[in-house]
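Each chain gets a letter, A, B and so on, in the order the sequences are listed, and its residues count up from 1.
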There are 2 protein chains.
Amino acid sequence: MGFEEMAECYKALGDKTRLKILALLMVEDLCVCEFVEVLKMTQPAVSQHIRKLKNVKLVKERRQGQWIFYSLDRDRYPHLHSVWESLPDLSDEVEKLKVNGKKVYCTD
Amino acid sequence: MGFEEMAECYKALGDKTRLKILALLMVEDLCVCEFVEVLKMTQPAVSQHIRKLKNVKLVKERRQGQWIFYSLDRDRYPHLHSVWESLPDLSDEVEKLKVNGKKVYCTD
DNA sequence: CACATATATAAGAATATGCTTATATATACA
DNA sequence: TGTATATATAAGCATATTCTTATATATGTG
């Protein structure tokens, strides 16, 4: 991987909101409307951050009905494994989603 | 380490020139005038990139006479070890410096 | 001390980034 | 087919980034 490509990847990591999105994806796959809840941001703002993460292949998407679930592609860049491990644990945030009835359960 | 601090760190990594500086520092400690030679950039441009790396503690400096040698602080962020290992090997570039008589030898 | 070399800093300009609001597209369902 | 929900995209604006040129500071040397 060349310097340009690497730089684009770290640039994607170089934002607090995107790091939180990735930390949330370490807990489980989530969709945009769930990020909107947790991050208290508008839907377009979230979508634009996710687009940047997709552009550098850090996250994958899979559509399930009207929702699109995003997942962290942990193995895309093996040298980032310890970066993922170093992210703060946000499982409490995901738990709050469930408690508040904002979690999307998809039974496809 | 919080998200804000992490983001600042990855932001520092999110630039092709700075990644090259770090890759060069994987080979050996270097000073600004050597980066200027290798990177074919102006001295202020190089200094400003180094300042960003210093701000997030990725590089350390030590003055030796009129030169300031910069070094990679490999252990500052343990989760970045494999990032350092993944950087392209630029020892050829440092070798060229020596061949062209642009290497700074400091005998302090 | 005067001058050369190495480095840092400041100011300005061009470009990039990250939000906002408005709108388009895709899917589900009655 | 019409409506609701989820998501993406576009345009515009405020701020940040990265260069350039000019200048300041620090060290070494005659």
Side-chain angles (χ1 to χ4, degrees), chain A residues 3-4 7-22 24-25 29-56 59-71 97 101-108, chain B residues 3-4 7-22 24-25 29-56 59-71 97 101-108:
Chain A
F3 287 104
E4 186 73 54
E8 288 311 309
C9 184
Y10 293 120
K11 203 173 294 181
L13 294 179
D15 178 273
K16 193 171 60 165
T17 299
R18 288 193 292 271
L19 284 181
K20 280 186 190 168
I21 288 174
L22 295 169
L24 288 163
L25 291 179
D29 296 358
L30 296 166
C31 57
V32 172
C33 60
E34 294 172 315
F35 290 121
V36 168
E37 280 296 324
V38 176
L39 302 171
K40 313 283 184 212
M41 293 183 67
T42 63
Q43 174 267 315
V46 169
S47 282
Q48 285 158 17
H49 281 298
I50 287 181
R51 179 164 51 183
K52 297 203 175 194
L53 294 172
K54 268 197 314 187
N55 285 343
V56 296
V59 305
K60 292 182 291 194
E61 70 179 37
R62 90 178 172 278
R63 179 177 280 276
Q64 294 216 336
Q66 65 192 137
W67 298 280
I68 298 177
F69 282 86
Y70 292 94
S71 60
L97 259 188
K102 300 297 178 57
K103 188 76 190 67
V104 173
Y105 294 103
C106 199
T107 52
D108 287 4
Chain B
F3 287 106
E4 186 73 55
E8 289 310 308
C9 185
Y10 293 120
K11 202 175 293 181
L13 294 178
D15 178 274
K16 193 171 61 165
T17 299
R18 288 194 291 272
L19 283 181
K20 279 187 190 168
I21 288 174
L22 295 169
L24 288 163
L25 291 179
D29 296 359
L30 296 166
C31 56
V32 171
C33 60
E34 294 173 315
F35 290 122
V36 168
E37 280 296 324
V38 175
L39 302 171
K40 312 286 184 212
M41 293 183 68
T42 64
Q43 174 266 315
V46 168
S47 282
Q48 286 158 18
H49 280 299
I50 288 181
R51 179 165 48 183
K52 297 204 173 191
L53 294 172
K54 268 198 312 187
N55 284 344
V56 296
V59 305
K60 292 182 290 193
E61 69 180 38
R62 88 176 175 277
R63 180 176 280 275
Q64 294 216 333
Q66 66 193 136
W67 297 280
I68 298 176
F69 282 86
Y70 291 93
S71 61
L97 258 188
K102 300 295 177 58
K103 189 76 190 68
V104 172
Y105 294 104
C106 199
T107 53
D108 287 2

Side chain to side chain contact (heavy atoms under 4.5 Å, CB included) filter on B:C31, not counting sequence neighbours, yields B:C33, B:E34, B:W67, B:F69, B:V104

When rounded to whole Å, the CD to P distance for the pair A:E37 and D:dA6 reads 10 Å

Here the distance between atom P of C:dC19 and atom CG of A:L39, to the nearest Å, is 10 Å

Once base and sugar-phosphate atoms are separated, protein heavy atoms under 4.0 Å mark nucleotides 5-18 of chain C, 5' to 3', with B, S and - as BSBBBB------SS

From CG of B:L19 across to P of D:dT18 the rounded distance in Å is 11 Å

Contacts of A:K52 meeting salt bridge (Lys or Arg N to Asp or Glu O under 4.0 Å) (sequence neighbours excluded), chain-then-number -> none

With sequence neighbours left out, the residues meeting side chain to side chain contact (heavy atoms under 4.5 Å, CB included) with B:Q66 are none

A:S47 meets the side-chain hydrogen bond (donor to acceptor under 3.5 Å, both in side chains) criterion, sequence neighbours left out, with A:Q43

B:I68 meets the side chain to side chain contact (heavy atoms under 4.5 Å, CB included) criterion, sequence neighbours left out, with B:E61, B:R63, B:Y70

